[in-house]
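Presented below is the structure to which this report refers.
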Amino acid sequence: MEANRTLGQMSNANFPMDAEGRVYHLGVKRGEVCNRVIFVGDLGRAKLISTMLDQDRPIFECIPPRGFAIFTGRYQGIPVSIIGTGMGVPMTDFCIRELRAIVEGPMTVFRFGTCGSINPAIPVGTIVVASKRNTVLITRNP
């Protein structure tokens, strides 16, 4: 991917994509990201998790200049993408919006990382897993 793309090469100022169909901030196009995505905040953690992908096939890697890290390959034969988003919900939300424009079909997104808590009954180091009762489902018709 060429890092020196300019907005002048984009086709739509509201949702910029270049002539190859690459979304502006992530720098990826259709086929470079799977519909199973693991998000992590730390870019180094994304790279570390990518080492667990099947090594018998090439692993796609993209480090766009906007602060993301993207790795696509297979884990036990199943296509998966790992994306380092940086910190916070806004970056993850932003990433999902761009991915939705280039990923075919339903997406499964898993966020793996750390977080804070306002509940003093949950001590540091506790593993927290979302349940159906407190999980948010967001749908969008592209």
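Clustering ILVMFWY residues whenever any of their side-chain heavy atoms sit less than 4.5 angstrom apart, transitively, puts I38 in the very cluster that holds I59. Taken together through direct or relayed side-chain contacts under 4.5 Å among Ile, Leu, Val, Met, Phe, Trp and Tyr, M87 and F39 form parts of separate hydrophobic clusters. V109 and I83 end up in the same hydrophobic cluster when Ile, Leu, Val, Met, Phe, Trp and Tyr side chains are linked at under 4.5 Å. There is a path of hydrophobic side-chain contacts, each under 4.5 Å, that joins I49 to F110. Hydrophobic clustering (ILVMFWY, side-chain heavy atoms < 4.5 Å, transitive): F60 and L99 are in one cluster.
A heavy-atom distance below 4.5 Å is not found between the side chains of K47 and L43. Between T108 and N35 there is no side-chain heavy-atom pair separated by less than 4.5 Å.
Formation of a donor-acceptor pair under 3.5 Å by the D54 side chain with backbone atoms of D56 is not found in this model. Of the possible donor and acceptor atoms, none in the side chain of E104 sits under 3.5 Å from a partner among the backbone N and O of I102. At distances below 3.5 Å, at least one donor-acceptor pair connects side-chain atoms of S81 with backbone N or O atoms of C34.
Of all heavy-atom pairs spanning Q55 and L53, the tightest one is NE2-O, 2.7 Å. In terms of heavy atoms, I70 sits closest to L26 at CD1-O, 3.6 Å.
Of the inter-residue distances, the one linking C95 atom SG with R100 atom CZ reads 12.5 Å to the nearest 0.5 angstrom. The CZ atom of R36 lies 12.5 Å from the OG1 atom of T72; values are rounded to the nearest 0.5 Å. Of the inter-residue distances, the one linking D18 atom CG with K29 atom NZ reads 8.5 Å to the nearest 0.5 angstrom. Between the CD atom in E98 and the OH atom in Y24 there is a gap of 10.0 Å [rounded to 0.5 Å]. Taken from OG1 in T92 to CZ in R97, the straight-line distance is 12.0 Å, to the nearest 0.5 Å.
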*Kindly determine whether V40 and L48 satisfy side chain to side chain contact (heavy atoms under 4.5 Å, CB included), including the steps that lead there.*
CA-CA 11 Å; V40 296; L48 176 66; over 6 Å; no
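By the neighbour-count criterion of 12 heavy atoms within 6.0 Å, atom OH of Y75 is sparsely surrounded, having that number or fewer from other residues, nucleotides or ligands.
Classification of the H25-F94 ring pair by plane angle, with boundaries at 30° and 60°, yields perpendicular.
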